[in-house]
Amino acid sequence: MIRPATSADIPVLHALVESAFRGDSARGGWTHEADLLDGQRTDPAALAEAIGDPDRTILIAFAGDDAIGCVEVKRAGTGRSALGLLSVRPDRQAEGLGRRLVTAAESHARDHHGAASMEMTVIAVRRELIAWYERQGYARTGEVRPFPMDDPRFGLPRTTLSFVVLARGLV
């Protein structure tokens, strides 16, 4: 089941995101950033802000009562939405859940934002992840954006990082 997250989901959502991106638990999956960044991926306040913003939705996937994945969709301008925070619990990766969450995010963007395109940023050195998104139909736009190197809310980089922008049409 995939549904919009509510404020009641923040504790399990926070634990899910951190387990997918940071620390030793993240190393159990292939999508982690544990070798690039220390510190947090997000915090409960940022998740609450996203859930409370009418232009942002976090979709959360459950298997029974267990949160196993999530993705954020936000309005990014006229006709555009942005995908972010795609997280799948490390022990549930390679089951197709990431693909289902991307599809759910794209449907949400079309249905709720009237989006004709979806964009995202991915840390440039994450070649394997970029290749996965390209297999889902996303393409590099050529745009590069800076990583917030001095903002510990997004993690503590071990090296200089930047983002590449990927996009795909939704119609």
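Atoms considered below: every heavy atom in the structure, side chains included; atoms not considered: hydrogens, waters and symmetry mates.
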S19 vs P90 side-chain heavy atoms within contact, under 4.5 Å: yes
Distance (rounded to the nearest 0.5 Å) between E49 CD and I51 CD1: 11.0 Å
Intermediate values then yes/no, side-chain contact (heavy atoms from CB on, under 4.5 Å), I2 and I60: CA-CA 5 Å; I2 299 174; I60 187 167; over 6 Å; no
Test log, rule side-chain contact (heavy atoms from CB on, under 4.5 Å), inputs M120 and L86: CA-CA 10 Å; M120 71 182 72; L86 180 61; over 6 Å; no
Close side-chain approach of K74 to D53, heavy-atom, < 4.5 Å: no
Shortest non-hydrogen contact from A105 toward V71: CB-CG1, 3.9 Å
side-chain contact (heavy atoms from CB on, under 4.5 Å) between V73 and L83, intermediate numbers included: CA-CA 5 Å; V73 186; L83 183 149; 5.9 Å; no
Flag for H108-T57: side-chain donor and acceptor within less than 3.5 Å: yes
Of all pairs that satisfy side-chain hydrogen bond (donor to acceptor under 3.5 Å, both in side chains), the ones with a partner from residues 137-149, not counting sequence neighbours: E106-Y138, E119-R145, E134-R140, E143-R145
Single-linkage hydrophobic cluster I68~W132, side-chain heavy atoms < 4.5 angstrom: yes
Neighbour count above 12 (heavy atom, 6.0 Å) for R127 CZ: no
L85 backbone acceptor or donor facing S87 side chain under 3.5 Å: yes
Donor-acceptor pair, side chain of R168 and main chain of Q136, under 3.5 angstrom: yes
Approximate separation, where rounding is to 0.5 Å, of H113 NE2 and S81 OG: 5.0 Å
N/O donor-acceptor pair under 3.5 Å between D43 side chain and A45 backbone: yes
Enclosure of D150 CG (heavy-atom neighbours >12, cutoff 6.0 Å): no
Those residues that, when tested against S162, pass side chain to side chain contact (heavy atoms under 4.5 Å, CB included) (two or more places apart): A124, V144
For I123 against F147, the heavy-atom pair lying closest together: CD1-CE1, 4.1 Å
Single-linkage hydrophobic cluster L170~L166, side-chain heavy atoms < 4.5 angstrom: yes
Nearest heavy atoms of C70 and I58, plus distance in Å: CB-CG2, 4.2 Å
Full working for side-chain contact (heavy atoms from CB on, under 4.5 Å) between V164 and Y133: CA-CA 12 Å; V164 294; Y133 281 116; over 6 Å; no
Verify same cluster id: L129, L97 (apolar side-chain graph, 4.5 Å): yes
Shortest non-hydrogen separation from A5 to L13 and the atoms involved: CB-CD2, 4.1 Å
Shortest non-hydrogen separation from L101 to A61 and the atoms involved: CD2-CB, 4.1 Å
Heavy-atom pair with the smallest gap, counting every atom of P146 and F163: O-CD1, 3.5 Å
Heavy-atom donor-acceptor pair, R80 side chain to A76 backbone, under 3.5 Å: yes
Partner set under side chain to side chain donor-acceptor pair (under 3.5 Å) for T6, not counting sequence neighbours: D9
